[in-house]
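Inspection log for the structure reproduced underneath, given as structure tokens.
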Amino acid sequence: MSKEHTIAVIPGDGTGPEVIAEGIKVLGALSYRYGIHFKFFPWPLGGEHYLKTGELLPDRVINELKEMDAIYLGAIGHPGVKPGILEREILLRLRFELDLYINLRPVTLLPGVFTPLKDKEPQDIDFIVVRENTEGLYIGIGGVFKKGTPDEVAIQESISTRKGVERCVRYSFECCRKRDKAKHLTLCGKSNVLTYEFDLWERVFQEIGKQYGNIATDYHHVDAICMWMVKNPEQFDVIVTNNIFGDIITDLGAVIQGGLGIAAGGNINPEGTAMFEPIGGSAPKYAGSNKINPLAAISAAQMMLEYLGENEAAGALQNAVKKVVRDDLKSMEAGKMGYSTEEVGDLVVGPM
Ligand code: IPM
Ligand code: MN
């Protein structure tokens with residue numbers, strides 16, 4: 001019997017609970033098969049909970065979450081709550097308070113999954129974006145002056161710290177080293193305009209790169225990266241970038257790998273805890289209809305298993321997902337899969 005893993009489960013809003021239920025189902029099957037011991041602790045955070053109780057993310061909950069081995073998150077977002085509140089007070093606050101400084105977002109096209117990129121095959125779309133997750137434009141520092149007047153000023157500040165950039169860049173080199181692919185790390189920035197910020201990133205990238213002689217490096221501006229991700233995604237192995245650029249290019253990444261139905265990510269503190277989630281939102285229009293694709297949440301569970309060191313189970317889960325998308329699902333889109341949310345979960349459990 002392996003070590004017991006404590007997992008905080010935050011199903012959240014909209015379709016979050018439905019997809020998380022399938023992820024837990026799959027983890028249950030793996031636990032049985034591989035003798036892994038999970039202890040799940042549910043937390044009722046999100047828009048629904050906020051509207052009922054007025055509570056967003058109490059300090060007490062943060063402290064309890066810090067003690068968990070990992071957090072499994074469905075989706076946070078509610079049409080009844082003004083945009084920005086839940087994002088800032090729950091999702092972003094978790095990233096900051098737990099110092100989840102890496103946002104790891106693999107972009108992998110599995111065989112049998114539709115990509116909107118013409119003539120691109122699974123071997124062409126297989127890279128990882130490492131997004132810095134605690135700095136940049138996301139820090140929420142700024143303000144308005146003379147609001148509502150013609151002289152109004154809005155300021156939104158961006159920071160990059162040496163510590164923050166170094167730990168993210170180092171993680172990216174390590175990620176590239178461990179990944180048995182092209183050994184090629186790309187820095188994505190905008191050094192022609194953001195001359196202060198990306199001067200720091202470029203210097204750190206060069207400095208740390210010296211310690212990784214067998215990893216080839218290059219640099220592209222973020223606008224060019226968007227173009228290359230569509231035209232020649234095969235050139236990428238690992239891309240490291242700042243918070244906002246990472247946010248934007250990973251939506252593009254999600255769509256070329258088959259859409260939000262399948263794209264998963266991890267918010268990671270390599271020295272602390274980590275939170276795994278489907279990249280898509282709460283999709284309120286599909287809530288409760290048993291139509292949403294749970295594979296993104298299930299793949300997030302796979303990333304969580306890897307993070308927990310349960311590599312055998314993670315591999316088995318990956319193979320099961322590959323089989324289901326190749327042999328069973330008609331589409332990755334909600335309502336078009338040919339199966340319900342629950343049935344897709346059952347299909348994944350089937351071969352395990
Ligand atoms: C994401 C989301 C969040 C982000 C939002 C909901 C705050 O888009 O995880 O990519 O911008 O980071
Ligand atoms: Mn995003």
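Order of listing sets the numbers, starting from 1, for every ligand and every atom in it. Because the structure is predicted, anything quoted here is derived from the model rather than measured.
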How far is [atom] from its nearest protein heavy atom, and which residue and atom is that?
atom	value
atom 11 (O) of ligand 1	Y138 OH, 2.6 Å
atom 1 (C) of ligand 1	R105 NH2, 3.3 Å
atom 3 (C) of ligand 1	L91 CD2, 4.1 Å

Check your understanding: Does a donor on one side chain sit under 3.5 Å from an acceptor on the other, for H184 and Q235?
Key -> no
**Study point:** Geometric N/O contact E277 with ligand 1, under 3.5 angstrom
**Key:** no
Check your understanding: So, is D247 polar-close to ligand 1, with some N/O to N/O distance under 3.5 Å?
Key -> yes
What atoms of ligand 1 come within less than 4.0 Å of a heavy atom belonging to [X]?
X	value
R95	1 (C), 4 (C), 9 (O), 12 (O)
E87	6 (C), 7 (C)
R131	1 (C), 4 (C), 10 (O), 11 (O), 12 (O)

Review point. Are N63 and L65 side-chain neighbours, meaning at least one heavy-atom pair lies under 4.5 Å?
Key: no
Check your understanding: How about I239 and F127: do any of their side-chain heavy atoms sit closer than 4.5 Å?
Key -> yes
Exercise for review: Return yes if some donor-acceptor pair links the side-chain N/O of K120 with the main-chain N/O of I256 below 3.5 Å, else return no.
Suggested key: no
Check your understanding: So, does R88 sit close enough to ligand 1 that a heavy atom of it is under 4.0 Å from the ligand?
Key -> no
Check your understanding: Is R167 positioned over the aromatic face of Y101, cation under 6.0 angstrom from the ring centre and no more than 45 degrees off axis?
Key -> yes
Review point. Can you list the steps and then say if R170 with E166 is a salt bridge (Lys or Arg N to Asp or Glu O under 4.0 Å)?
Key: CA-CA 6 Å; R170 191 175 300 284; E166 273 182 4; 5.3 Å; no
Review point. Does CD in E312 sit with more than 12 non-hydrogen atoms of other residues, nucleotides or ligands closer than 6.0 Å?
Key: no
Review point. What N/O/S atom of D247 is the closest to the Mn ion (ligand 2)?
Key: OD1
